[in-house]
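Here is the structure we will look at, set down as structure tokens.
These numbers come from a predicted model, not from an experiment. In the text below, chain A, chain B and the rest are named by the order of the sequence lines, each starting its count at 1.
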Protein chains: 2
Amino acid sequence: MKFAKIPPATIGRLSVYTRHLQELTRQGVEIISSEKLASLCSVNPAQIRKDLAYFGEFGVRGVGYYVKDLLFEIRKILGLNKEWNLGIVGMGNLGTALIGHENFLKQGYRFVAAFDNDPTKFARALPNGLKVFDIKEVKRIKDEVGMEIGVITTPASRAQEVANRLVEAGIRGILNFAPVRIHVPANCEVEYVDFTIRLDSLTYRLSVED
Amino acid sequence: MKFAKIPPATIGRLSVYTRHLQELTRQGVEIISSEKLASLCSVNPAQIRKDLAYFGEFGVRGVGYYVKDLLFEIRKILGLNKEWNLGIVGMGNLGTALIGHENFLKQGYRFVAAFDNDPTKFARALPNGLKVFDIKEVKRIKDEVGMEIGVITTPASRAQEVANRLVEAGIRGILNFAPVRIHVPANCEVEYVDFTIRLDSLTYRLSVED
DNA sequence: TGGTGTGAACAACTTCACAGCG
DNA sequence: CGCTGTGAAGTTGTTCACACCA
């Protein structure tokens, strides 16, 4: 791939493009212009072309983009030409719901391990046949099942401690649902999903506009 | 300062600050400097001061910020000096998990209504005593229970249709978990939570750095 | 002709550096 | 004296406008 440094926002938008390209594929649409795709994704058409230009030339001038080809190329850019193995820590309501959620599989993410620190949960059988292990065993299990990314769904107060364990076990990527920032070494990447933060943005806007 | 337009990123960070200020309160910390708070939140100290400066002067020079006061002030800025009533549409695994998730209540969000389009779910009793209603009844129920924000947890293919119904019922704020952009009139605000998009950012970085 | 690819203009956001004040 | 508050500088990201090409 290219050696320019890519805006994080571009990467986020590439994901959005793939969601809508997938939908277009399902609808049988074969070709789409940056203008139409932009409208679906609620962005500026030039933004789409610019985002893609970081990685190469994927369109046909005067025509547009071949939906299937573009989808394939973007997924390759995002590293999604392989399946990724996820391990999840914190088997409360949310963790249990995520492990059974279709969207992960649809995008190429597979849960291969589940952890908690509550012994009463170790017996429980999960939807997809996984068993819940003690978080202390994360290193052993990680190597056994080839876990690559850790998903944290514990309460905020335990997130840092879990992150430490994951890092220690050699995990290089973490998706954190707990509503606090966590601190990890530079060789480990973290992304955050905090739905109450998004709600706060909403309430801010709703409060201001009146 | 008061009437400048605020960067969306600032609003997002204000939420992050509150999460850590809450944690500090729990730990009994009374005063904190922008430097220390910045370290907790993984941002630049000047960024915190700048973010706050959009809204007023909340610190004491030479001292720092009083944790409780700052928390109160930021929550007021975000419109969180009231409880907000949420209605959720799509009672699959994820929807059911969210409705029982402590973080919402902790931040002042209360689920007051639940909807689906699958009649077999209407009977089901939810954790917090709510009943699942037909999405077609959203307008009536919304007025009855004072629902203010709609949360969409349906599959992508049904998100737009649900958004239309919410808008029609007079909802002015939507939190969308479905992995597609939705289109609504200008008087309605939308925020997105897509965890597979965040995972894609992670896999991109993991793929590039090797 | 019509839509992509892209340098250049523009806009937004972040960080610096220090003045100002408790 | 130390930490906040803030103009100015620096950096990053977005949009425009048009050259270019199937």
**Prompt:** So, Arg19(A) versus Thr196(B): side-chain donor-acceptor pair below 3.5 Å or not?
**Reply:** yes
**Prompt:** Tell me: CD of Glu73(B) to P of dT4(D), nearest whole Å?
**Reply:** 16 Å
**Message:** By nearest heavy atom, map Val63(B) and Pro7(A) onto DNA chain D; which one lands nearer the 5' end?
**Reply:** Val63(B)
**dT14(C) OP1/OP2 closer than 4.0 Å to side-chain N/O of Arg13(B)** = yes
**Message:** How many whole angstroms separate atom CD of Glu57(B) from atom P of dG20(C)?
**Reply:** 13 Å
**Message:** What residues from residues 31-52 of chain B pass a heavy-atom cutoff of under 4.0 Å to DNA chain C?
**Reply:** Asn44(B), Ala46(B), Gln47(B), Arg49(B), Lys50(B)
**Request:** State whether Glu168(A) and Arg165(A) are salt-bridged, where the test is any N-O pair (Lys NZ or Arg NE/NH1/NH2 against Asp/Glu carboxylate O) under 4.0 Å.
**Result:** no
**Prompt:** Distance check: side-chain N/O of Tyr66(A) vs OP1/OP2 of dT4(C), anything under 4.0 Å?
**Reply:** no
**Complete:** Against the side chain of Ala9(B), the closest entry in dT14(C), dG13(D), dT6(D) is dT14(C)
**Asked** Does some side-chain heavy atom of Ile31(B) sit less than 4.5 Å from a side-chain heavy atom of Lys68(B)?
**Response** no
**Item:** Pair Glu23(B) + Arg26(B): basic N to acidic O under 4.0 Å
**Value:** yes
**Prompt:** Expressed in angstrom and rounded to an integer, what is the separation of Arg61(A) atom CZ from dT4(C) atom C1'?
**Reply:** 5 Å
**Message:** Does a side-chain N or O of Tyr54(A) approach OP1 or OP2 of dT14(D) to a distance below 4.0 Å, or not?
**Reply:** no
**Asked** Does Lys82(B) come within less than 4.0 Å of Glu148(B), counting only side-chain N to carboxylate O?
**Response** yes
**Item:** Salt-bridge contact Lys142(A)-Glu137(A) (side-chain N to carboxylate O under 4.0 Å)
**Value:** no
**Message:** Rounded to whole Å, please give me the gap between CD1 in Ile6(A) and P in dT14(D).
**Reply:** 12 Å
